[in-house]
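Every heavy atom of this structure was used, including side-chain atoms; hydrogens, water molecules and symmetry mates were not. Predicted, not measured: the structure shown is a model, and the values here were computed from it. Reminder, nothing fancy here: chain letters follow the sequence lines and each chain counts from 1.
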There are 2 protein chains.
Amino acid sequence: MASIQKSRPYAPVLDRLKQAGLRPTRQRIALAKLLCDAGDCHFTAEQLHAKAAAAGVRVSLATIYNTLHQFTHAGLLREIVVSPGSSYFDTNISDHHHFFFEGRGELSDIAGDDVVIASLPQPPSGTTVDRVDVVIRVKNI
Amino acid sequence: MASIQKSRPYAPVLDRLKQAGLRPTRQRIALAKLLCDAGDCHFTAEQLHAKAAAAGVRVSLATIYNTLHQFTHAGLLREIVVSPGSSYFDTNISDHHHFFFEGRGELSDIAGDDVVIASLPQPPSGTTVDRVDVVIRVKNI
DNA sequence: AAATTTGTTTAGAGAAGTTCTAAACTGTTG
DNA sequence: CAACAGTTTAGAACTTCTCTAAACAAATTT
């Protein structure tokens, strides 16, 4: 089923890699395509590794980690820490928040508009706000 | 310097352990005292292990982990996940939020009143809200 | 287009944090 | 105080992630 599409380089993906100062290698292009095609979703390094393998893309786990961090640094992904032991990455980089299902260890998006914060404290002097994360932890009834 | 106070069992600590169905063992009493005396603070398992050792309390790391989870489950502590690789525990169990200093990997409390959330989405059907965590990630200017 | 340079990938080792195991121990109960 | 059930412990094991150094590939130079 799943076949590798080496022949269609996806211009926007190439541009984004170039902007980030990253060479468009076979691995990075394949992973970027996988992520683009996936739509908004949350995944761990292991999950992306498995997904890549399933799509016929041979990439080492070390490269998965490198790439996830590079993409995160370049603003193509967002890292979310909600449970001890593993990091999630989010392909949705717009302003938004998350539900976290404690039982299943899964995340789902909350549109930015759906969480209205009326007031926040000033950041401590000498610091600036990088991001405000709201996580609504839910559990099964 | 720091000496062990085996002789003063701290009635409230004993009560809390009893309420949680936990036997008041030497280790649990010592750790509970350390945490009570510390006031509001955030720490990792390793940090508590070091603090216990410094206070002359001999406790294995496995017991630190067991105890932290038991105390968290009993509502005496709160677990906070903000950075991949290690969990923090919080002795402040009142309703409040956190600043997270990305450079130093440290937490500080924000009083519950200082974050006003005007609206939140409904939890997905079949689930209830366990907790809403707001983390303001700040970095040095 | 070959040669050189520089950045990238890889397997496997290594590190860090946490959990597991099974034996020894301790608090509780009868 | 004996017997039971829960607890602690050291160390092994496990999971997630990072490091290393050698092989490799993309870019640059000639």
Side-chain angles (χ1 to χ4, degrees), chain A residues 4 6 9-10 13-32 34 42-53 56-74 76-77 79-89 105, chain B residues 4 6 9-10 13-32 34 42-53 56-74 76-77 79-89 105:
Chain A
I4 325 170
K6 294 186 181 171
Y10 270 43
V13 163
L14 289 175
D15 286 352
R16 287 183 137 178
L17 291 178
K18 190 165 287 179
Q19 278 167 22
L22 299 170
R23 283 187 188 174
T25 62
R26 178 178 64 72
Q27 292 85 342
R28 293 209 268 238
I29 292 168
L31 293 176
L34 276 179
H42 312 94
F43 54 89
T44 64
E46 280 294 350
Q47 286 167 356
L48 180 58
H49 192 218
K51 186 168 187 168
V57 179
R58 279 167 35 282
V59 192
S60 75
L61 194 51
T63 296
I64 295 280
Y65 278 103
N66 288 339
T67 305
L68 286 175
H69 291 144
Q70 289 153 356
F71 283 12
T72 299
H73 196 250
L76 276 59
L77 289 177
E79 186 171 3
I80 306 169
V81 185
V82 276
S83 65
S86 74
S87 275
Y88 286 78
F89 293 84
Chain B
I4 323 174
K6 292 185 183 174
Y10 270 44
V13 163
L14 289 175
D15 286 352
R16 286 184 138 179
L17 290 178
K18 191 165 287 180
Q19 279 168 21
L22 298 171
R23 284 188 187 172
T25 63
R26 178 177 66 71
Q27 293 84 343
R28 293 208 269 239
I29 293 169
L31 293 176
L34 275 180
H42 312 93
F43 55 89
T44 64
E46 281 294 349
Q47 286 166 358
L48 179 58
H49 193 218
K51 186 168 186 166
V57 179
R58 278 166 38 284
V59 192
S60 74
L61 194 53
T63 296
I64 295 281
Y65 278 104
N66 288 340
T67 305
L68 286 175
H69 290 145
Q70 290 153 355
F71 284 11
T72 300
H73 196 249
L76 277 59
L77 287 177
E79 185 171 4
I80 307 169
V81 185
V82 277
S83 65
S86 75
S87 274
Y88 285 79
F89 292 85

Heteroatom pairs (N/O) under 3.5 angstrom, protein to nucleotides 20-30 of chain C:
from	atom 1	to	atom 2	distance (Å)
C:dG27	N3	B:R23	NH1	3.3

Side-chain heavy-atom pair B:R28, B:L31 within 4.5 angstrom cut-off: no

What closest approach, in Å, do B:L14 and B:P24 show between heavy atoms, and which atom pair accounts for it? CD2-CB, 3.5 Å

Comparing A:R58 and B:S87 on DNA chain C - which has the more 5′ nearest nucleotide: A:R58

B:T63 side chain near D:dT9 phosphate (N/O to OP1/OP2, under 4.0 Å): yes

For the residue pair B:H42 and B:I80, establish whether any side-chain heavy-atom pair is separated by less than 4.5 Å. yes

Euclidean distance, atom NE2 of residue B:H73 to atom C1' of D:dG6 [Å, nearest integer]: 17 Å

DNA chain D: B:P84 or B:G21, which has the more 5' nearest nucleotide? B:G21

What is the distance, to the nearest angstrom, from the CD atom on B:E46 to the P atom on C:dA16? 10 Å

What is the distance, rounded to the nearest whole Å, between atom CD of A:Q27 and atom C1' of D:dA26? 11 Å

Qualifying residue for side chain to side chain contact (heavy atoms under 4.5 Å, CB included) with A:L68, from A:L48, A:T44, A:T63: A:L48

Phosphate-side-chain proximity, A:R28 and C:dG7, N/O vs OP1/OP2 below 4.0 Å: no

Counting heavy atoms from C-beta on, name the nucleotide in C:dT9, D:dT18, C:dT8 closest to the side chain of A:Y65. D:dT18

Measure the distance from NE2 on A:H49 to P on C:dT9 and round it to the nearest whole Å. 13 Å

Spacing of B:I64 atom CD1 relative to D:dT7 atom P, expressed in whole Å: 16 Å

Specify the separation, in whole Å, of atom NE2 of A:H69 and atom P of C:dT9. 14 Å

Between C1' on D:dT9 and CG on B:L61, what's the gap in Å once rounded to a whole number? 11 Å

For the backbone of B:Y65 and the side chain of B:H69, can you confirm whether one donor and one acceptor N or O come within less than 3.5 Å of each other? yes

Taking the side chain as everything from C-beta on, heavy atoms only, tell me whether A:E46 gets closer than 4.5 Å to A:H49. yes

Chi angles and distances behind the side chain to side chain contact (heavy atoms under 4.5 Å, CB included) call for A:T72, A:L77: CA-CA 4 Å; A:T72 299; A:L77 289 177; 3.8 Å; yes

Nearest listed nucleotide, side chain of A:L22, among C:dT10, C:dT8, D:dT8: C:dT8

CG of A:L17 versus C1' of D:dA27: gap in Å, rounded? 15 Å

